[in-house]
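This structure is a prediction, so every number in the text was calculated from the model and none was measured. In the text below, chain A, chain B and the rest are named by the order of the sequence lines, each starting its count at 1.
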2 protein chains.
Amino acid sequence: MAGSLKRNDSIDEIAAPGVSEDRIRARNVQKILSAAVEVFSRKGLDGARIVEIAKASGLPKGNVYYYFSSKEEIYNATIAHLIHSWDEAFQHISADREPAVAIEDYVRTKLEYARQNAAETRLFANEILQGAGHLSGEARDHMRSITAEKAKVIDAWVAAGKMVKVDARHLFILLWSATQFYAEFEALACDALQVDQLRTADYNLAAKTITQTVLGGLLPRPS
Amino acid sequence: MAGSLKRNDSIDEIAAPGVSEDRIRARNVQKILSAAVEVFSRKGLDGARIVEIAKASGLPKGNVYYYFSSKEEIYNATIAHLIHSWDEAFQHISADREPAVAIEDYVRTKLEYARQNAAETRLFANEILQGAGHLSGEARDHMRSITAEKAKVIDAWVAAGKMVKVDARHLFILLWSATQFYAEFEALACDALQVDQLRTADYNLAAKTITQTVLGGLLPRPS
DNA sequence: AAAAAAGTTGACCGTTTTGTCAACTTCTAT
DNA sequence: ATAGAAGTTGACAAAACGGTCAACTTTTTT
């Protein structure tokens, strides 16, 4: 008997803590959410069909509705957690580090996250593309404040002469867009790179190209 | 009577040449396609409802079906033209120019196009996100060959010592992602920049930040 | 001015889709 | 072992949706 196990009404198990949470509810909710992220990331809220989510989760449709009362509820549950990776990678941008290593770490972390969580990354892109109407006000406030905070770090680096004068917020956008592109627009990236699938080598060269270009620039330096 | 005016079966008036093409068919097809680009760009093929397209175009649903025989036909008509901006901006990347001015021109052109054609840009993003299944093989081949061709220009610049050694294809991805971001993810860009709407000044600073960073890099140069 | 062609429209039909439910099975606590 | 709670399921109802159409109006041709 592992504690009192009443009813579990809340839906916040998109990332199970341990390994095999054996409670049936937790397991099935997880199955549904994983499938939902995949489907929503391709089709968006209105384009996704719940039978598709049901099939992808291996559960019959009726069972999906046993855990969630509507498609929108599933959708909201999937996007509720999307902001986390934002801060996480952002932790690398801290005032007491050297810009070069901080930015390189940031790029590598963000690229790696996007690669390992391609569906979530696409889902986020899809949600923003549609106008971000389902992101909670708090989530957006949070992103805004984290961005502002980290922008100050860049400004401090500039003030300390460790970096060329640059607009911190546009710089972040440059880094976000580049690091998310490979996961969001994989089909396009594959075409451009003339491969049929992005492999580790491609991601490594992406990281190298981004950091090298952003940090050192393209123009040859006068010796 | 301005010449022979038979029937116009082809659907290629997404960008009317003159101003007020007065033929009813042309005008209405245009209305529908414009509305469709807007709706598809937010919801995708499956998520878009044709009543929504009808409403946005100001025409009743039945009338929409007088000009198009299915939703997919409308969708295909909207994406058929998306590749054009690709080459157009790419024209700036030519071997006989200096890298610095070529890349700056490219960034500004692409940014400006994305701003002025935000819905098309989002539609393209949406289509790629969903796997690019409706882009014709020829369109993708075309993009592949143009990319390869322009990659050679970069390689030549590198060989001539005009640029630091860099992977041309990943560099293009870096430029694409940055220049498209503002139109595709406007909601996010607005949050990051703390504005409620992107204005000319924001686009100018974006262009400046991208070119400055990509060309010169962030790290201070040894004098 | 009359006829033909093109365009307009709301009502309609079959299908898909969301969401419900009652009968059933499995699990868990005692 | 048993009772009650939790979970499962296919069948079903209601609504939304894609697409059709016949009657109608407007435009163009002669």
Inset, instruction - Answer whether the closest heavy-atom distance between the side chains of B:I32 and B:N63 falls below 4.5 Å. - result: no
Inset, instruction - Would you sort out whether B:H170 and A:Y203 count as a ring-ring contact (aromatic ring centres under 6.0 Å, His included), showing the intermediate values? - result: CA-CA 10 Å; B:H170 284 282; A:Y203 272 89; 9.0 Å; no
Inset, instruction - Could you verify whether a donor N or O on one side chain and an acceptor N or O on the other, from A:D87 and A:Q91, lie under 3.5 Å apart? - result: no
Legend entry - Separation of atom CZ in B:F68 from atom P in D:dG18, rounded to whole Å: 16 Å
Inset, instruction - Give a yes-or-no answer on whether the side chains of B:Q30 and B:S34 include a donor-acceptor pair shorter than 3.5 Å. - result: yes
Inset, instruction - Using only side-chain N and O atoms of B:Y66, determine if any of them is under 4.0 Å from OP1 or OP2 of C:dG7. - result: yes
Inset, instruction - Could you tell me the separation between the OH atom of B:Y75 and the P atom of D:dG18, rounded to a whole number of Å? - result: 15 Å
Legend entry - Side chains of A:T121 and A:R115, donor plus acceptor under 3.5 Å: no
Legend entry - Rounded distance (Å) that lies between atom P of D:dA16 and atom CG of A:L45: 15 Å
Inset, instruction - Ignoring backbone atoms, test whether B:R25 places a side-chain nitrogen or oxygen under 4.0 Å from the OP1 or OP2 oxygen of C:dG7. - result: yes
Inset, instruction - Output yes when at least one side-chain N/O atom of A:Y67 is less than 4.0 Å from OP1 or OP2 of D:dA6, else no. - result: no
Check the interface with nucleotides 20-22 of chain C: list each N/O to N/O pair with the protein under 3.5 Å, or write none.
none

Inset, instruction - Would you mind classifying the nucleic acid contact of B:A48 as base, sugar-phosphate or nothing, using non-hydrogen atoms under 4.0 angstrom? - result: sugar-phosphate
Inset, instruction - Please tell me which of the listed nucleotides, D:dG10, C:dT9, D:dG7, lies nearest to the side chain of B:P60? - result: C:dT9
Legend entry - A:I50, nearest nucleotide to its side chain (from C:dG19, D:dG19, C:dT18): C:dT18
Legend entry - A:K110 versus A:Q180, side-chain donor and acceptor atoms under 3.5 Å: yes
Legend entry - Residue-phosphate contact under 4.0 Å: A:R49 side-chain N/O, C:dT16 OP1/OP2: no
Legend entry - Distance in angstrom units between B:K31 NZ and C:dG7 P, rounded: 13 Å
Legend entry - Length of the CG-P vector between B:D46 and C:dT16, whole Å: 14 Å
Legend entry - Nearest-Å distance for atom pair CD1/P, residues A:I32 and D:dT8: 9 Å
Legend entry - Nearest-Å distance for atom pair NZ/C1', residues A:K43 and C:dT17: 13 Å
Inset, instruction - Look at the side-chain N and O atoms of B:N28 and state whether any lies under 4.0 Å from the OP1 or OP2 oxygen of C:dT8. - result: yes
Inset, instruction - Rounded to the nearest angstrom, tell me the gap between atom CD in B:E73 and atom P in D:dT20. - result: 11 Å
Legend entry - Reference residue A:W86; test ring pair (Phe, Tyr, Trp, His ring centres under 6.0 Å); the match among A:F172, A:W176, A:Y113: A:W176
